[in-house]
Every structure is written in structure tokens, then in C-alpha cells.
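Before any comments, here is the structure.
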Amino acid sequence: MFSFFHSKPSVFFLFYHILFCLSNRVWGQWAAGRIKEGWTYGEIKNTEEKTTPCLVPYDELPESEKEYDRNTAIETLKLIIKLGYKITRKDMGT
């Protein structure tokens, strides 16, 4: 019987680990771009003053913002697989 919970990292765990890392990176790139453009943290988004409540650590983002980043990450993973690539960890072989 197949189990997600065996001694080696499961496919389930690896997928969510990759998804979390990609989502975090997507947000990080977005935040870096905003900061470069002069945006700062503010409780309310204001395009004239360039303030946004989303310039916080990824873990502090509202779930709705994390969902946007997760969807971007999922679509990226789908494209990589559709193009015929495989994703493996160095310590797990092929």
C-alpha cells in the first residue's frame, strides 16, 4: 500500500515544500520590485503615496495574498512539467 508517510520524503511533502519555496520567492520578487519603485509598508494600499500592507514577511501575509502567489507557483510547476522537465532533489537521485 502506498503511503505518504514513510521514511523517505513523500511526494506530497516534496510538492508542498517546492510550492512553499516558489510562492515565497514569487512574493519576494514582487516585494523587491515594489521597494525599488519606492513603495513602503502602510496599513492601507495607496497608489499615490506608494504604500501597501503587503510589504511584510511572507508568513504575515493574508491568506488571500498567499493564495495568489501559490497559484503563480502552481502554474509555473505545471509549465515545467508540460515542457517535459523533471524536478528532482540532488540527494534523492533521478
Side-chain angles (χ1 to χ4, degrees):
M1 175 184 231
F2 180 77
S3 172
F4 283 121
F5 307 104
H6 50 73
S7 60
K8 291 183 180 180
S10 68
V11 172
F12 180 79
F13 170 79
L14 294 174
F15 173 77
Y16 280 97
H17 177 73
I18 291 168
L19 182 59
F20 174 80
C21 291
L22 279 174
S23 301
N24 196 318
R25 180 58 63 100
V26 166
W27 169 84
Q29 289 300 111
W30 172 86
R34 290 296 179 270
I35 291 168
K36 187 176 180 180
E37 294 170 354
W39 286 73
T40 58
Y41 171 82
E43 289 189 24
I44 299 172
K45 183 176 180 178
N46 183 318
T47 54
E48 291 177 13
E49 294 182 18
K50 292 187 174 184
T51 60
T52 177
C54 294
L55 284 177
V56 295
Y58 183 78
D59 292 341
E60 295 177 23
L61 284 174
E63 205 49 43
S64 60
E65 293 297 324
K66 289 180 185 178
E67 183 68 20
Y68 179 84
D69 297 328
R70 280 192 296 266
N71 287 338
T72 301
I74 287 170
E75 292 305 314
T76 301
L77 289 170
K78 284 181 182 178
L79 177 61
I80 290 168
I81 292 166
K82 184 178 180 179
L83 292 173
Y85 292 94
K86 290 183 182 180
I87 300 171
T88 60
R89 279 181 46 160
K90 288 181 183 181
D91 62 346
M92 293 184 68
T94 57

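Index from 1, following the sequence.
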Practice task
Specify the closest pair of heavy atoms between Leu19 and Ala73, including all atoms of both residues, with the distance to one decimal.
Solution key: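 Distance-wise, the nearest heavy atoms are CD1-CB, 3.6 Å.
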Problem - Shortest non-hydrogen separation from Trp27 to Cys54 and the atoms involved - result: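 Nearest pair, atom of Trp27 first, then Cys54: NE1-O, 3.2 Å.
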Practice task
Could you walk me through whether Glu75 and Arg70 pass the side chain to side chain contact (heavy atoms under 4.5 Å, CB included) test, one step at a time?
Solution key: CA-CA 9 Å; Glu75 292 305 314; Arg70 280 192 296 266; over 6 Å; no
Handout entry: Greater than 12 external heavy atoms within 6.0 Å of Glu63's CD
Key =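 Yes, enclosed.
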Problem - Over 12 foreign heavy atoms within 6.0 Å of CZ, Arg25 - result: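 Not more than 12 within 6.0 Å, no.
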Exercise for the section: Could you state whether Leu22 and Leu83 fall into the same hydrophobic cluster, counting links through intermediate Ile, Leu, Val, Met, Phe, Trp or Tyr residues with side-chain heavy atoms under 4.5 angstrom apart? Expected result: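 Result: yes, single cluster for both.
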Handout entry: Derivation of the side chain to side chain contact (heavy atoms under 4.5 Å, CB included) call for Phe15 and Leu77
Key = CA-CA 10 Å; Phe15 173 77; Leu77 289 170; 3.9 Å; yes
Determine whether a donor-acceptor pair (N or O, by modelled atom type, separation under 3.5 Å) exists between the side chain of [X] and the backbone of [Y].
| X | Y | result |
| --- | --- | --- |
| Thr72 | Ser23 | no |
| Trp39 | Leu55 | no |
| Lys66 | Asn24 | no |

Side chain proximity check, [X] to [Y], heavy atoms < 4.5 angstrom:
| X | Y | answer |
| --- | --- | --- |
| Thr51 | Ile44 | no |
| Thr40 | Ile35 | no |
| Tyr41 | Thr52 | no |
| Asn46 | Lys50 | no |

Exercise for the section: Hey, could you give me the CD1/CD1 distance between Ile87 and Ile18, rounded to the nearest 0.5 Å? Expected result: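 Here the rounded value is 5.0 Å.
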Handout entry: Separation between NZ of Lys36 and CZ of Arg34, rounded to the nearest 0.5 Å
Key =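 Lys36 NZ to Arg34 CZ: 13.0 Å, rounded to 0.5 Å.
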Exercise for the section: Check the pair Phe20, Tyr58 against side chain to side chain contact (heavy atoms under 4.5 Å, CB included), reporting the backbone distance first and the verdict last. Expected result: CA-CA 10 Å; Phe20 174 80; Tyr58 183 78; 3.8 Å; yes
